[in-house]
Amino acid sequence: MKKIYISTLAATLLLAVSCKTDFENSTEDVAVTSGEANFSKYISLGNSLTAGYRDGALYADGQNESYPSMIAKQMQSAGGGEFKQPLMPDNNGGLLLTLPTGNVQIADTKRVITGFSAGTPTIAFANDNKAATITNTVLTGPFNNMGVPGAKVSHLLAPGYGNVQGILAKTANPYFVRFASSPTTSVIQDFLAQKPTFFSLWIGNNDALLYALAGADDTVETLTPADQFGTYYNLLVSQIKTSGAKGVIANIPNVTTIPSLTTVPYNPLTATLLGKGDVNVGNATIDQLNSSLYGPLNQILTALGAGDRIKPLSKTATNPLLIFDESLPNLGNAITTAALASGNPQLMALAPYLGATYGRARQAKSTDLIPLTTSGSIGTAATLPPGIPASLGARGVAYPFEDKYILTSTEATAIDTAINSYNVIIKKAADDNGYAFVDANAKMVELNSASGIQWDGVRYSAKFVTGGSFSLDGVHLTGRGYAIIANEFLKAINTKYKSNLSMISPNSYSGVTFP
Amino acid sequence: MKRILISMALAAGVMTYAGGFRVSLQGVKQLAMAHTSAHAEDASVAFFNPAGISFIPSKLSVVAGGFGVSNQITYQNTSTLQQTETDNPLGTPIYAAVAYKVLDNLSLGFSFSTPFGSTIEWPSDWEGKEIVQKLELKSYFFQPMISVKLAPWASFGASYIYAKGKVDWTKALTIYNGQLNLLDDSATGHGFGFGFYFQPDEKWDVSVAYRSPVDMKAKKGKATFMVPTSLLPNFNGGSDNFKATLPLVDEYTLGITYKITPKWLVSADYNYHGWERYSKLTLDFDNVAAGNQPNDPTILVSPKNFKNTSSFRLGTQYAFNDRIFGRLGWYYDETPYEDKDFIPETPSFDNYVITGGVGFKFNKFGVDLSGAYAMPKSRTFSNQNIKFAGQAKADVFYFGLGLSYNAF
């Protein structure tokens with residue numbers, strides 16, 4: 001009896017202990033190593049994205065959540081050294097330039113949400129846009145994060161890019177002025193002087209982005225031609241190569257998918273908007289615009305076989321913005337002629353003006369992109385020639401939005417084509433020189449997809465404000481968005497150099513701040 | 001007795017342990033023998049099989065008991081190398097039952113139990129905070145029953161189940177730097193149970209039972225969105241109502257006890273649980289568009305993909321004398337979901353458990369103690385639906401104290 005009893009017990013225990021209850025490897029015991037790389041002196045090169053710029057400004061909290069500083073933190077468990085950043089002294093950002101005549105503000109403070117109206121955030125400048133950081137105060141370096149907001153590829157090579165005297169002439173950059181080792185140095189020179197053992201390079205965005213945000217208006221910004229981009233980029237990489245450092249380089253996200261260009265709809269005009277909240281006023285405005293402007297223009301254009309350029313406004317649906325498209329054939333003379341022949345005294349009086357103003361005007365289409373900054377300009381008054389009724393000066397409503405306000409689909413396609421060419425150059429530079437490569441563009445495409453990017457149950461998308469990954473400028477990322485990118489860098493580094501740096505949890509960084 | 005029962009009920013907080021959020025802790029004596037069912041010594045058989053009350057030797061039998069469940073889940077993320085442990089409170093499931101023989105062949109009974117529940121508490125800033133920070137599930141089954149002896153060796157019993165429940169779920173709304181709490185403490189549901197109990201001779205006890213599923217319906221749950229003030233208009237002012245149904249699944253049980261000698265018995269059970277009913281959780285908010293359905297943004301559907309499970313139990317009892325009993329057991333309980341469906345709000349593992357206990361009898365009064373040590377199998381998971389991956393393990397220990405009184 002006792003024998004059976006004991007053997008039952010023994011069998012029970014045997015069955016019980018035959019399973020695995022503990023972790024095979026505890027993460028607490030994992031040794032992080034640098035593999036074939038040496039992380040002791042890591043320096044990051046790049047633009048605003050590298051600097052940790054967000055919400056339209058560079059400020060301390062954002063810098064502390066820059067992707068290079070996140071990467072450096074992970075490197076610390078694998079021989080990485082200190083990572084020093086040229087920190088801004090406060091969390092408002094913005095820059096003052098001290099001139100003999102006094103201080104001039106040359107950069108705005110960060111954007112903040114002050115509230116919501118009808119679900120749309122109200123965005124204002126922090127601290128009433130009073131910046132306190134003096135650009136002329138040069139910090140003691142050297143610095144590991146050498147990201148310079150606003151820099152294009154060629155700028156990293158340019159001597160004197162940190163010379164305070166060149167700021168107003170735009171030959172120098174106020175952010176580099178703050179940490180350049182001398183007024184004559186270049187970013188690459190200061191980089192090489194530090195003898196880095198590891199680098200990251202994410203540059204080239206501004207060669208297309210600034211142009212896109214300027215509505216592809218050549219008089220404001222230029223698009224770097226691809227061959228020129230290639231020359232500068234390869235020159236830069238060959239300079240970096242002389243350091244002997246291993247590193248990682250990233251390509252450029254397709255800038256036409258960022259919230260700054262995808263948030264404002266092409267057709268925001270409604271009776272409510274036109275009446276500034278009063279539908280009756282808005283409806284009266286629509287009647288008036290249709291009878292005096294849209295109707296006649298539509299009739300004239302239809303007769304010219306271009307009736308789809310401008311159609312009368314609807315009181316019940318959302319209406320597209322009126323824009324200027326320089327790629328259209330100029331029907332100005334024909335419009336003037338038709339207006340003169342219309343027999344309508346009002347039209348006849350305005351005929352030369354109508355031809356000059358609406359010859360290449362059309363209503364926006366869903367493929368045109370409206371920069372976020374343009375939304376505040378809808379309905380603002382354009383300067384009109386003497387004698388023209390002021391009501392015809394309302395931008396986007398009666399007066400076609402000028403080039404710098406709108407990125408037409410033709411312009412957007414040209415920018416996409418340029419970025420694709422840049423990315424071919426970047427990928428080749430990475431491969432030819434044996435650097436790790438980050439396909440940042442692919443990650444942004446994923447972020448911009450309907451499902452977005454999910455991390456531990458949090459769904460991030462490229463949607464403005466509520467997507468969680470883009471900051472309030474609609475161009476730069478939040479801490480969480482930068483962390484998603486940092487993980488891509490870490491993965492690329494691990495793959496290339498056989499290191500095992502650990503990933504970071506984007507959810508533990510900061511997102512959009514709500515009051 | 002009543003006072004003890006009430007104070008235990010107030011302290012009740014039940015704990016998950018394998019099998020989703022099913023709690024197999026309904027009899028201290030039974031737990032000591034691997035929670036096997038074919039034991040008709042006292043009213044504690046009532047929960048397991050209403051037919052069993054016909055075979056309780058005494059005319060009136062009363063039992064009550066409670067358990068302590070210490071449970072800790074550890075999560076580790078092999079890509080971030082972070083490790084997190086739950087901070088779960090001690091779970092205290094309880095039960096009570098009474099059975100009374102009205103006639104020789106007709107018995108009435110009542111069982112109160114907490115067969116489903118779970119309290120999981122993770123640090124509020126842990127990696128899976130968007131999924132769960134704290135989740136408390138409770139259910140109370142009130143089961144009146146009747147049993148008829150069909151023959152001196154066979155009985156049939158049936159019960160009605162009235163269930164009350166509570167859900168209290170807090171999770172982060174990371175994008176909005178806030179939290180969401182879902183609370184409903186008035187969810188109710190109905191079900192039934194029935195079974196046959198046989199004692200073909202003095203050596204054998206056979207129990208065959210079925211307990212129906214119970215749909216716990218939260219009809220007017222309260223959703224509280226704790227978000228920054230400026231966002232409150234986007235969240236219906238911060239509070240909303242929701243509807244949801246949590247299925248408490250059905251269970252088939254076949255139990256057999258064989259008395260090797262008058263002093264020594266062995267028991268075996270097989271259970272089958274219909275977890276497949278929990279294929280998804282649907283939260284239907286009245287106003288707030290916190291959902292994920294393109295045609296109705298107020299409806300949030302989360303796939304759960306549970307599957308039916310089995311458990312196997314082996315237990316034994318040895319009577320050292322008329323007063324002292326020793327008990328041992330072993331059972332295996334299967335997790336209701338695969339690695340790709342692992343969810344941290346009800347972490348679940350394939351679970352091996354060894355059990356043991358002692359019982360003392362003082363005339364009509366019985367005191368039973370039991371303890372169990374679970375060895376949940378650690379798992380490596382990657383839930384693509386919520387993009388949550390890593391490894392999890394659990395440490396679980398139970399103990400129980402039961403009282404029984406078999407009057408006249």
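In what follows, every chain begins at residue 1, and chains take the letters A, B, ... in the order their sequences are listed. Remember, it's a predicted structure, so these values are computed and weren't measured experimentally.
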Asks: Can you say whether A/T513 sits under 4.5 Å from chain B via the side chain, the backbone, both, or neither, judging by heavy atoms?
Replies: backbone
Asks: Name the member of A/S510, A/P515, A/S505, A/G468 that forms the most heavy-atom pairs with chain B at distances under 4.5 Å.
Replies: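 Of the candidates given, the most pairs with chain B belong to A/P515.
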Asks: Which bit of B/A392 is near chain A, if near means a heavy-atom gap under 4.5 Å: side chain, backbone, both or neither?
Replies: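 It is the backbone, since no side chain atom gets that close.
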Asks: Looking at B/K387, B/Q391, B/Q82, which has the largest count of heavy-atom pairs under 4.5 Å with chain A?
Replies: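 Looking at each option in turn, the highest pair count goes to B/K387.
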Asks: Among B/R313, B/E334, B/H35, find the one that has a side-chain hydrogen bond (donor to acceptor under 3.5 Å, both in side chains) with B/N271.
Replies: B/R313
Asks: Side chains of A/S200 and A/Y42: is there a donor and an acceptor less than 3.5 Å apart?
Replies: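 Short answer, yes.
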Asks: Identify which of A/T27, A/N507, A/T114 forms the greatest number of heavy-atom pairs closer than 4.5 Å to chain B.
Replies: A/T27
Asks: Okay, side chain of B/D240, backbone of B/N287: is any donor-acceptor separation there less than 3.5 Å?
Replies: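 Checked: pair present.
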Asks: So which heavy atom on B/D269 is nearest to which on B/I256, and how close?
Replies: OD1-N, 4.1 Å
Asks: What are the two closest non-hydrogen atoms of A/S66 and A/G52, and how far apart are they?
Replies: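 Where A/S66 meets A/G52 most closely, the heavy atoms are CB-CA, 3.6 Å.
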Asks: With a 6.0 Å cut-off (strictly less than), is the heavy-atom count around CD of A/E36, excluding the residue itself, greater than 12?
Replies: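 Check passes, neighbour count above 12.
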Asks: Among B/V227, B/N383, B/T174, B/N234, which has the most heavy-atom pairs under 4.5 Å with chain A?
Replies: B/T174
Asks: Does any backbone or side-chain atom of B/T380 lie under 4.5 Å from a heavy atom of chain A? Answer side chain, backbone, both or neither.
Replies: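 Nothing of B/T380, per the 4.5 Å heavy-atom cut-off to chain A.
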Asks: Heavy-atom distance under 4.5 Å to chain A: side chain of B/N177, backbone, both or neither?
Replies: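 Contact with chain A: side chain only.
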Asks: Counting a contact as any heavy-atom pair under 4.5 Å apart, which residues of residues 469-494 of chain A contact chain B?
Replies: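 Within residues 469-494 of chain A, near chain B: A/R480.
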Asks: Is it the side chain or the backbone of B/Y176 that comes within 4.5 Å of chain A heavy atoms, both, or neither?
Replies: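 Interface part for B/Y176: both.
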Asks: For B/P344 and B/I120, which heavy atoms make the closest approach, and how far apart are they?
Replies: O-CG1, 4.1 Å
Asks: Below 4.5 Å from any heavy atom of chain A, which atoms of B/K171 appear? Answer side chain, backbone, both or neither.
Replies: neither
Asks: Describe, in one word, how the ring planes of B/Y75 and B/W126 are oriented to each other, choosing from parallel (under 30°), tilted (30 to 60°) and perpendicular (over 60°).
Replies: perpendicular
Asks: Is A/N25 close to chain B through its backbone or its side chain, or both, or neither, when contacts mean heavy atoms under 4.5 Å?
Replies: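 Contact with chain B: backbone only.
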